[in-house]
Amino acid sequence: GAGVSQSPRYKVAKRGQDVALRCDPISGHVSLFWYQQALGQGPEFLTYFQNEAQLDKSGLPSDRFFAERPEGSVSTLKIQRTQQEDSAVYLCASSPGGLYGYTFGSGTRLTVV
Amino acid sequence: EDKVVQSPLSLVVHEGDTVTLNCSYEVTNFRSLLWYKQEKKAPTFLFMLTSSGIEKKSGRLSSILDKKELFSILNITATQTGDSAIYLCAVDNYGQNFVFGPGTRLSVLP
């Protein structure tokens with residue numbers, strides 16, 4: 001597609017519910033990143049994929065967070081047993097790799113009630 | 001720990017004013033510094049800076065990097081209400097991710 005597409009745009013989850021957030025990167029982009037942006041703060045790194053390989057997951061805040069990119073294109077960020085502190089905008093970005101700026105999606109705003 | 005600091009955190013100006021946004025950083029392995037404009041949810045790319053002293057310019061926006069003093073500035077001249085946004089500074093630290101600053105929230109009043 002022309003840009004990075006994320007779905008859903010908005011998600012309200014009850015505390016304890018599992019959620020799955022989807023990211024469709026730009027076709028052919030090798031690198032894919034997930035960021036979490038709390039209200040009033042800059043994005044914070046969660047995890048990074050190069051093709052289907054998850055090369056860095058050091059930013060995932062707990063073992064309730066899980067990300068996958070099985071075929072090296074679409075990625076899913078899953079949050080199990082959501083907590084209120086998980087409420088944030090989750091941004092996905094992709095890049096062709098190398099010294100290129102990343103293109104961000106519009107994000108998914110998750111609200112846990 | 002890698003860190004990016006932006007100042008001011010918030011700024012209110014009137015149309016026609018010129019603003020300067022600051023970004024300083026401490027990272028282990030610097031590769032590039034990027035500026036993004038975030039209006040609603042998706043940060044949009046403005047500039048990538050890799051070399052000191054070379055100004056990047058796009059219309060009323062310009063930016064420059066000082067790798068010795070570890071900072072960058074983003075200038076916006078003749079501001080317009082459409083410039084109202086959060087301006088994010090990020091550093092690519094070869095760590096396969098970006099380190100973002102907290103952003104500067106710019107409000108341009110008519």
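Below, read A as the first sequence line, B as the second, and so on, with proteins coming before strands; counting in each chain starts at 1. What's counted below: heavy atoms across the whole structure, side chains too, no hydrogens, waters or symmetry copies.
- With A:R69 contributing its side chain and A:A53 its backbone, the two residues share no donor-acceptor pair below 3.5 Å.
- Applying the side-chain hydrogen bond (donor to acceptor under 3.5 Å, both in side chains) test to pairs two or more places apart or on separate chains, those with a residue in residues 74-84 of chain A are A:W34-A:S75, A:E68-A:K78.
- At a cut-off of 3.5 Å, with distance as the only test, a side-chain donor of B:D2 or B:T28 sits close to an acceptor on the other residue.
- No donor-acceptor pair under 3.5 Å is formed between the side chain of B:R60 and the backbone N or O of B:I76.
- No continuous path of ILVMFWY side-chain contacts below 4.5 Å connects B:L61 to B:L88, so the two sit in separate hydrophobic clusters.
- Within residues 99-110 of chain B, the residues having any heavy atom closer than 4.5 Å to a heavy atom of chain A are B:F100, B:G101, B:P102, listed by residue number.
- A:Y90 and A:F65 have tilted rings, their planes meeting at an angle from 30° to 60° on a 0 to 90° scale.
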